[in-house]
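Presented below is the structure to which this report refers.
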Amino acid sequence: MAKPALPDYNFQQATLDFLSKGPKQLFINNEWVAAQSGQTFETRNPATGEVLAEVSLAGEADVDAAVAAAAAAFPGWRDTIAAERGALLFKLADLIDQHADALAELETLDNGKPIRVARRGDLPYVTKHLRYQAGWADKIEGSTVPVTFPNQFVYTRREPLGVVGAIIPWNFPLLMAIWKLGPALAAGNTIILKPAEQTPLTALYLADLIVEAGFPPGVVNILTGPGLPTGAAMAAHHGIAKLAFTGSTAVGAKIMEAAATSNLKPVSLELGGKSPNVIFADADLNAAVRGAQWAVFSTAGQECVAGTRLFVERAVYDQVLDGLKQNVEKMVVDHGFAEKVHVGPLITDEQLSRVMSYIDEGKQGGAEIITGGERLGNGHANGNFLTPAVFSYEDDSLKMVQEEIFGPVAAVTAFDDWDELIERANATMYGLAAGVWTKDVARAHHYAHAIQAGTVWINGYGMIDPAAPFGGYKMSGFGREMGKEAINLYTQVKTVWVNTSD
């Protein structure tokens, strides 16, 4: 493969060395191996369309090999002293910090997000989450249970499940990998990680750090490839005891079906969203408008929690809409290494076309385009660039209002009273997140309790912390990432009865 074309930027030597090593292979049993089929695929820079690397495409035979390695490693890893498992995770976090600049550069090249966001946002959160979960390794406890039978001592244990499969998306590639890898390993499981085929590079870079940290062979295995065949083979594999997935609701449903028809493996799903973000007339409007802006357009709108449905109390509707328009039109759309860039490219040309179809549908359905929604040319034609779009709408049945777009498109509407707001805000199949802006503390809490969402932000938006559980209601999935609940996803409860009578 020819040397990848890179933007004018002072890249870390580690980044250049990684990209120059040639085709990227699968990571199985702490070794780099080519896919047994010999197949590869390309990962491209979404800002330029240029090929960054050739990557091995894992098939069913490769999944078999990874499962065999993980299964062989499981007894030893399960029986490793919990504090030692935690120590290895802490060491991995230290290594990620040492390589943070290179990892951020690879993330921006592969995903398109601004390097400032990757370096100051994603990477600090990666190690923050990893250290939090590492701390749980020696704190996983059972309990004693009072029972009605005499002379019985009953206690519970939380035990690892075995070989865990994790399939992650492309919007936060390394962060999502750690969300699953951290608690799974802390709890004593071994893992097979499949990064999104659009953004495999940081997971593959991570593999070398896993070896350097001292993880035994087979504890972590990384397979690259698309949903078909790689992800599907993992979902259906009898040797995988649990599958964790973050991605679209449609794919999540297919994973549940495959898990049910293979070995009834438990699954945890963090799926799509269509989050309502509400601004009441008494809110700090400057803060609310800024918050609403970034709730939608951060990561070019490619976030499951994006506050894409903005409900504004009618008394301040025009003021908010005008403020949002002015703010959005100042946002710089460019490649991730450009100076002062706010919005990078969409991940693929296919995703760009999909988002454009929603914009066209909205216009045809009667929604008014306030600003944006245009593909960039003039030096950006080879990338997947779209100016942030703001719509004003009244019809809640529009596809752009009901379906997850996963792009920089905000749909803004007015509401008149509380009952109308709650009914409309909850009128979606999703329930991942929500926001509200108001100075009325009682009303804020009433909204938080009335809305059907797994996370609600009051006078803010988008904060995530390793200690705070995260996940969805309804068709946004089930199971919780982060917090103690994340450990529960990767353990099972055993009850032990001891007869203490003579």
Side-chain angles (χ1 to χ4, degrees), residues 4-7 9 11-12 14-15 18-19 24 41-53 55 96 99-126 129 167-180 193-206 222 224-227 246-248 270 294 296-306 332-338 341-352 354-355 376 380 382-386 388 405-408 462 464:
L6 300 177
Y9 184 80
F11 285 96
Q12 297 288 309
T15 305
F18 176 82
L19 291 173
K24 309 303 174 192
F41 63 96
E42 297 173 340
T43 182
R44 293 177 177 268
N45 183 343
T48 63
E50 297 281 350
V51 175
L52 292 168
V55 184
I96 291 172
H99 291 258
D101 288 328
L103 286 163
E105 290 168 2
L106 289 171
E107 205 82 313
T108 293
L109 285 170
D110 220 10
N111 168 276
K113 67 179 59 183
I115 184 64
R116 178 187 70 258
V117 173
R119 185 63 189 90
R120 300 179 188 174
D122 290 31
L123 264 299
Y125 270 102
V126 165
H129 281 268
I167 300 175
I168 59 172
W170 42 258
N171 54 343
F172 295 93
L174 188 59
L175 182 59
M176 295 291 183
I178 293 302
W179 278 15
K180 292 171 171 48
L193 174 70
K194 190 195 90 64
E197 68 269 26
Q198 298 88 348
T199 54
L201 296 183
T202 48
L204 295 174
Y205 192 105
L206 179 68
I222 300 174
T224 47
T246 298
S248 73
E270 196 264 281
W294 290 107
V296 182
F297 301 119
S298 178
T299 322
Q302 299 171 126
E303 292 188 13
C304 52
V305 299
V332 176
V333 182
D334 209 336
H335 67 80
F337 296 98
V341 60
H342 299 119
V343 180
L346 297 181
I347 189 67
T348 61
D349 184 66
E350 179 184 18
Q351 180 65 11
L352 175 61
R354 181 176 180 274
V355 174
L376 288 188
H380 295 83
N382 292 328
N384 309 313
F385 294 97
L386 182 67
I405 298 175
F406 230 61
I464 300 290

Is the backbone of [Y] close enough, under 3.5 Å, to the side chain of [X] for a donor and an acceptor to pair up by distance?
X: Thr48; Y: Gly383; answer: no
X: Asn45; Y: Leu6; answer: no
X: Glu105; Y: Gln12; answer: yes
X: Lys113; Y: Ser298; answer: no
X: Asn171; Y: Gln302; answer: yes
X: Gln351; Y: Phe406; answer: yes

query: Does the ring of Phe18 carry Lys24 above it, NZ/CZ under 6.0 angstrom from centre and within 45° of its axis?
result: yes

Validation row: [X], [Y] side chains within 4.5 angstrom (heavy atoms):
X: Leu19; Y: Leu109; result: yes
X: Met176; Y: Glu270; result: yes
X: Thr15; Y: Leu106; result: yes
X: Ile115; Y: Tyr9; result: yes
X: Phe172; Y: Ile464; result: no
X: Ile96; Y: Leu206; result: yes
X: Leu204; Y: Ile222; result: yes
X: Thr43; Y: Thr199; result: no

message: Counting only heavy atoms not in Glu350 (residues, nucleotides, ligands), do more than 12 fall under 6.0 Å from its CD?
response: no

query: Is Arg120 atom CZ crowded by more than 12 heavy atoms from other residues, nucleotides or ligands, each under 6.0 Å away?
result: no

query: Knowing that exactly one of Val51, Asp110, Asp349 qualifies, which makes a side chain to side chain contact (heavy atoms under 4.5 Å, CB included) with Arg44?
result: Val51

What heavy-atom pair brings [X] and [Y] nearest, and what distance separates the two atoms?
X: Thr108; Y: Ala118; result: OG1-CB, 3.6 Å
X: Ile168; Y: Pro173; result: CD1-O, 3.3 Å
X: Val333; Y: Val341; result: C-CG2, 4.4 Å
X: His380; Y: Asp334; result: NE2-OD1, 3.1 Å
X: Gly112; Y: Pro345; result: O-CD, 3.2 Å
X: Ala47; Y: His335; result: CB-CB, 3.6 Å

- request: Anything under 30° is parallel, anything over 60° is perpendicular, the rest tilted; go ahead and classify His342 against Trp294.
  value: perpendicular

message: Can you confirm if the aromatic rings of Phe11 and Phe337 lie within a centre distance of less than 6.0 Å?
response: yes

- prompt: In Å and rounded to the nearest 0.5 Å, what is the CG to CG distance from Leu386 to Leu376?
  reply: 7.5 Å

